[in-house]
Structure formats: structure tokens, C-alpha cells
Visitor: 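Sharing a structure here in C-alpha cells format.
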Amino acid sequence: MRSDSVKKGIAQAPHRSLWNALGMTGEELDRPLVGVVSSYNEIVPGHMNLDKIVEAVKQGVAMAGGTPIVFPAIAVCDGIAMGHQGMKYSLVTRDLIADSTECMAMAHQFDALVMVPNCDKNVPGLLMAAARLNIPTVFVSGGPMLAGRVHGEKTSLSSIFEAVGAYTAGTLDMEGLKEYEEKTCPSCGSCSGMYTANSMNCLTEALGMGLRGNGTIPAVYSERIRLAKHAGMAVMELYRRNICPRDIMTAEAFENALTIDMALGCSTNSMLHLPAIAHEAGVEIDLDIANAISAKTPNLCHLAPAGHTYMEDLNEAGGVYAVMKEISKLGLLHLGCMTATGKTVGENIENAANKDPGTIRPVEDPYSKTGGIAVLRGNIAPDGAVVKRSAVVPEMLSHRGPARVFDCEEDAIDAIKGGLIRAGDVVVIRYEGPKGGPGMREMLNPTSAIAGMGLGSTVALITDGRFSGASRGASIGHVSPEAAMGGNIALIQEGDTIAIDINANTLDVLVPEEELARRRGAWKPKEPAIKTGYLARYMSLVTSADKGAILRV
């Protein structure tokens, strides 16, 4: 056992004295030591139930012959961090989570791990750690929130953000806003639409690192407690068979995940996280592969904010396995990939069935013949930009309009709420990238304000920052190279015509190259606003969004 180095032999007598201090018995130390990485905290609604999940995991591990030992991982609530300086500290936690989990696992020589995450950066951070450590590992998330209900209609977090925009526009009164505030988020769990947390938990299942239902069983269901116990049992089977994360997270497995990403219509943040996770697993993902997969993968789901179905509906329809079964009819999945169940993808989905064609469209009748995410290129984004195509209204798939240019999110929000943005405009928010932010803030506030003020079908937004999975509309993010690196987005001027063609995967500012060259010669880097602390260190190490915003070693 790997853990023998901290518990067996004469030289380990001091170690055993410390195990004794922890109350560990000899019988417990004779078993494999399984680290249970708990992301429980009291600030994130998606994490407030993880103490119960962790206890269930511990029972499962113990029943299957292991000794479970809990240690923590941090997590930020993106909703609470949204719209202020706190959002600079969201994406950057992904790497802190990966690094600190690596430190704990290596320092204490665990034989296996069960990761218990739930929210946006917490899931990819722990997947990065799993790939890096490469010891037997299973994931079990805390599960999605139930949808809220206002006036008989289901709601999710994006509903309340858009309600703020409607209040600002004068189409919703204070009493109506208060009702959204009180009823939008009715339970613990990750927010109820196909936002980043739920996207990554579903993709964990598609990737093979989580058991069936990991992405969709609601947080409040007792079924999730049973799932957690099975996860604890499963990791012991992986340990006995020496099946490790890199045996599961292969190049073919990442192609499976990208394919299901397109079918589900996941958050654009998956285009940051999947490349970063793959990098840790020794697999390189070029953004162009996303368009190649999208071109042949139909979009089968329009979960909120793209449509009016929610995670609870996807669960009832058969969950991620049902989507995988539909997609497998087209021969688009690598069915031989090993998974955390100890079985192959093909074995896992053999008996899966689509129980609700209204939630999961059959492959014969998709929402579109191409996937939910598109990568755009052009003179604004030579290295790529990302849009959630499935959440864009048809009339905005091709658009030309004047640039309205802002050097930070706050200035753009003031202009939107001040009525200065009009139908046809293209809002450009720059210097919000991984390095320029620093931290690549999500732009849910401006996208929600645009939608709430009735401009969602006529105004586009382009940024070197990123979007919450709750954003909808022609919201194009991850523009690379970013403004802080001298990317062409830094050269756009007020009133320039911007041409967007999502179906053709293009994004251009209609300015002659000679004029861009002249502007480039006059451009000067902005002085960094932050010069100390973790963000300053992050700024010095982070790569661009098209590389997954990973840190240079």
C-alpha cells in the first residue's frame, strides 16, 4: 500500500504515535487510507449539504474495506461573488484547489481519494488534482438545486438577475422583484439550470470520473446519499483493480466529454476547464476540436437559461446516461473507455433510456444539428472566442453593429442600466481576461441587465472575460489574445462596426488592417491595478483563455 510509508516499519513509530493521537486503531491502519476531499462550507448553497454527502461516502468506504479520512477544499459562491471585486477571486481558486489537494494527498500518502465537490471552480480544480495525482479516485457531487417557482413558472438564478434588469427598465415593481428574490433559489444545491457547476458535474459523469446520476440527482433527494455510499464503495474497487484517473481520462474520454458538452448545451466555462483538466492528464485539447465535434453533434437539450427545462427535469428524463445513449446512436462516442464504475462507457449506458423526449430531444429531432458551443475566430480573436450557441436567439446568430467600448465591467453596467445601450449595439468589455482582470470575471450582471431590459435579441456582448453559465444571448467571451496582452480587442474604438457570424464561426471588426496596425503602434499596456497578494502572483503565471487559463510551471 502507498500509505505504508506513513504507517509501517520501525522508522514509522513516530508516525504511528500521531495516528494514535487521532484515535486510529491498528485495524484501521491495516486498511487502505482513503482521503475524502470535503468541499463543505457555510457560504455556498451548493455546499451546505456536503457534510451529509461526506458522511455517506465514509460509510461506503468503510463498508468496502477502507479507512476514510476527511480533509477540506475551498469553494467560492460565484453568485455572491458576482458583480464586484470578489469575482476576481473565483476562477483563480481552481488552481488553489488543485494545488492544495495535491499537497494534502502527497504529504499524507493516501491510497485513494473520493472527491466531494459541487460548484463552479471546485469541480474542475479537483479533477485537475485527480489527473495530477493519478491515484484511484471517484467523484460524487452535492447535486443540483430544485427549480424555484414564481407565478407557476419554474425559475433559476438567472431569473433573479434578469428581474433586476426588468426592475431597472420599469417593467417589474419592487414587490415583484422581492418575490423573485424569495422564491428563485428554494433549496440547497448547485443552481438549477445548466450553469457551470451542473455542466461540470454532468461532464464528470461523461468523462467517466463520476457514477450514474452524479450530475443530475437533486441535492435534496435521499438518492444522492445512496449515490455517495456507492461512490465510497466504488473507489475501493478501483483501488483493488488499480484503475487510476489517467486510465479513465484519456484523449478519447475527453472527446466523449466534449461531445456530451455539445449535446447538453453546457456553460462556455467548460471550454476553460476541459483543456485545463486534460493538460493535467497529459492530453492537449485545441479549441478547434470543439468546432469539429460540434459540427457533427446535435444539440439535444435546452436547459435553463437556454430553455424552460431544469436539472430536475433532466434527471427524470434519464440523466446524462440517457443523453449519451441518444448520441451513441450516431456512433459519436468511444464506448470502450474505462470509467469509475469499473465498467466501460458502453456497458454503463447499455440499459439507459430517454424517458422524456421533451427534455432530451431524440437525435432524429434535435434543437439543432450542431452542438451547443461554438468557437469563433477572426481579427478580434485570432486565437479564438467562445459562445453558447444554443442560448442565442436565431436572429442574433448573424449580426453587425457599432461597438460600444468599455475597459471594465462596471462602466458597461452603468451604461446599460443608464439606457445608453440601444438595439443593434455590440457591447465590448475588455481588460477583464485572465491576466488583465486579473482573474477573468464572469459577466452575468451585464448579460442579465441586457436581457432584463428587453435587449437580449438585439444586442451582442463581446469580452476577454467570461460568462456565467446563467448568461444567455449573443454573449461571446474568452477573446484571445486578451487586451492586456495587446490583443486586437484592445484596438477596437467606439463606433467601429463589428461583424458576428456564429454559424460561420467568425468574429471581426471591420477596420482595414493598416488602420489596426496604426492603432497597434500607438497602444500602451495598462498599468496593473493589483500589484500584491495572490492575484498579482496569478497574473504573472496565468496563460490565455484559449489555453484554459492554466498556470505556467
Side-chain angles (χ1 to χ4, degrees), residues 39-48 50 72-98 100 117-126 141-142 144-145 156-165 181 184-185 188-193 195-201 267-270 272-273 276 305 408-414 429 431-449 461 463-471 475 477-478 529-530 532-539 542 545 549:
S39 304
Y40 169 77
N41 66 41
E42 295 182 341
I43 190 66
V44 184
H47 291 227
M48 63 181 284
L50 295 191
I74 64 170
V76 164
C77 178
D78 277 20
I80 294 174
M82 193 72 64
H84 56 88
Q85 293 298 304
M87 182 46 71
K88 293 180 182 292
Y89 288 87
S90 173
L91 177 62
V92 304
T93 64
R94 186 188 71 182
D95 298 273
L96 278 176
I97 291 162
S100 59
N118 210 27
C119 288
D120 295 34
K121 312 312 164 306
N122 190 242
V123 180
L126 290 179
S141 76
M145 184 183 291
S156 58
L157 185 66
S158 53
S159 306
I160 178 62
F161 274 90
E162 292 181 13
V164 172
E181 181 181 325
T184 291
C185 297
C188 63
S190 47
C191 297
S192 58
Y195 306 153
T196 305
N198 291 325
S199 294
M200 293 310 302
N201 283 320
S267 163
T268 52
N269 282 313
S270 65
L272 275 179
H273 300 321
C408 66
E409 177 188 1
E410 288 83 356
D411 290 349
I413 291 172
D414 288 345
I429 305 177
Y431 294 103
E432 291 284 7
K435 187 177 292 290
M440 203 179 183
R441 287 192 287 180
E442 288 185 340
M443 302 289 166
L444 181 54
N445 269 359
T447 59
S448 297
L461 195 157
T463 181
D464 53 8
R466 60 194 178 93
F467 295 105
S468 164
S471 292
S475 303
H478 306 198
I530 294 174
T532 60
Y534 179 62
L535 285 182
R537 187 158 64 252
Y538 180 88
M539 193 187 324
V542 71

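Index from 1, following the sequence.
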Visitor: Using the side chain to side chain contact (heavy atoms under 4.5 Å, CB included) definition, which of the options L96, T93, V44 pairs with V76?
Guide: T93

Visitor: Return yes if some donor-acceptor pair links the side-chain N/O of N118 with the main-chain N/O of G189 below 3.5 Å, else return no.
Guide: no

Visitor: Between H478 and L272, is there a donor-acceptor pair closer than 3.5 Å when you use the side chain of the first and the backbone of the second?
Guide: no

Visitor: How far apart are the closest heavy atoms of S190 and N198, and which atoms are they?
Guide: OG-OD1, 2.6 Å

Visitor: For the backbone of I97 and the side chain of S100, can you confirm whether one donor and one acceptor N or O come within less than 3.5 Å of each other?
Guide: yes

Visitor: Kindly state each residue pair satisfying salt bridge (charged side-chain N to carboxylate O under 4.0 Å, His left out) with at least one member in residues 72-81, sequence neighbours excluded.
Guide: D78-K121

Visitor: Taking CD1 in I80 as the centre, count heavy atoms belonging to other residues, nucleotides or ligands within less than 6.0 Å. Is the count above 12?
Guide: yes

Visitor: Rounded to the nearest 0.5 Å, what's the gap from CE on M443 to CG on D464? Could you check?
Guide: 7.5 Å

Visitor: Tell me the closest heavy-atom pair linking Y538 and P434, and the distance in Å.
Guide: CE2-O, 3.7 Å

Visitor: Give a yes or no on whether the backbone of A75 and the side-chain of N122 come within a donor-acceptor separation of less than 3.5 Å.
Guide: no

Visitor: To the nearest 0.5 angstrom, please state how far the CG atom of N445 sits from the CZ atom of F161.
Guide: 5.5 Å

Visitor: Rounded to the nearest 0.5 Å, how far does CE of M82 lie from SG of C77?
Guide: 8.5 Å

Visitor: First locate atom CD1 of I429, then atom CD1 of I413, and finally report the distance between them rounded to the nearest 0.5 Å.
Guide: 7.0 Å

Visitor: Mind checking what makes side-chain hydrogen bond (donor to acceptor under 3.5 Å, both in side chains) contact with H273, not counting sequence neighbours?
Guide: R94

Visitor: Looking at I43 and P45, what are the two nearest heavy atoms and their distance?
Guide: O-CD, 3.7 Å

Visitor: Side chains of S141 and V123, heavy atoms from C-beta outward: is any pair under 4.5 Å?
Guide: no

Visitor: CG of N269 to CE of M440: how many Å apart, nearest 0.5 Å?
Guide: 7.5 Å

Visitor: Are S156 and C191 side-chain neighbours, meaning at least one heavy-atom pair lies under 4.5 Å?
Guide: no

Visitor: Are the side chain of H47 and the backbone N or O of S39 linked by a donor-acceptor pair below 3.5 Å?
Guide: yes

Visitor: With the side chain counted from C-beta on, respond yes when F467 and S267 share a heavy-atom pair under 4.5 Å apart, and no when they do not.
Guide: no

Visitor: Rounded to the nearest 0.5 Å, what separates atom OG1 in T447 from atom CD in E442?
Guide: 9.5 Å

Visitor: Examine distances only and state if a side-chain atom of Y534 and a backbone atom of V92 form a donor-acceptor pair shorter than 3.5 Å.
Guide: yes

Visitor: Considering residues at least two apart in sequence or located in another chain, which fulfil the salt bridge (charged side-chain N to carboxylate O under 4.0 Å, His left out) criterion with R441?
Guide: E409, E410, E432

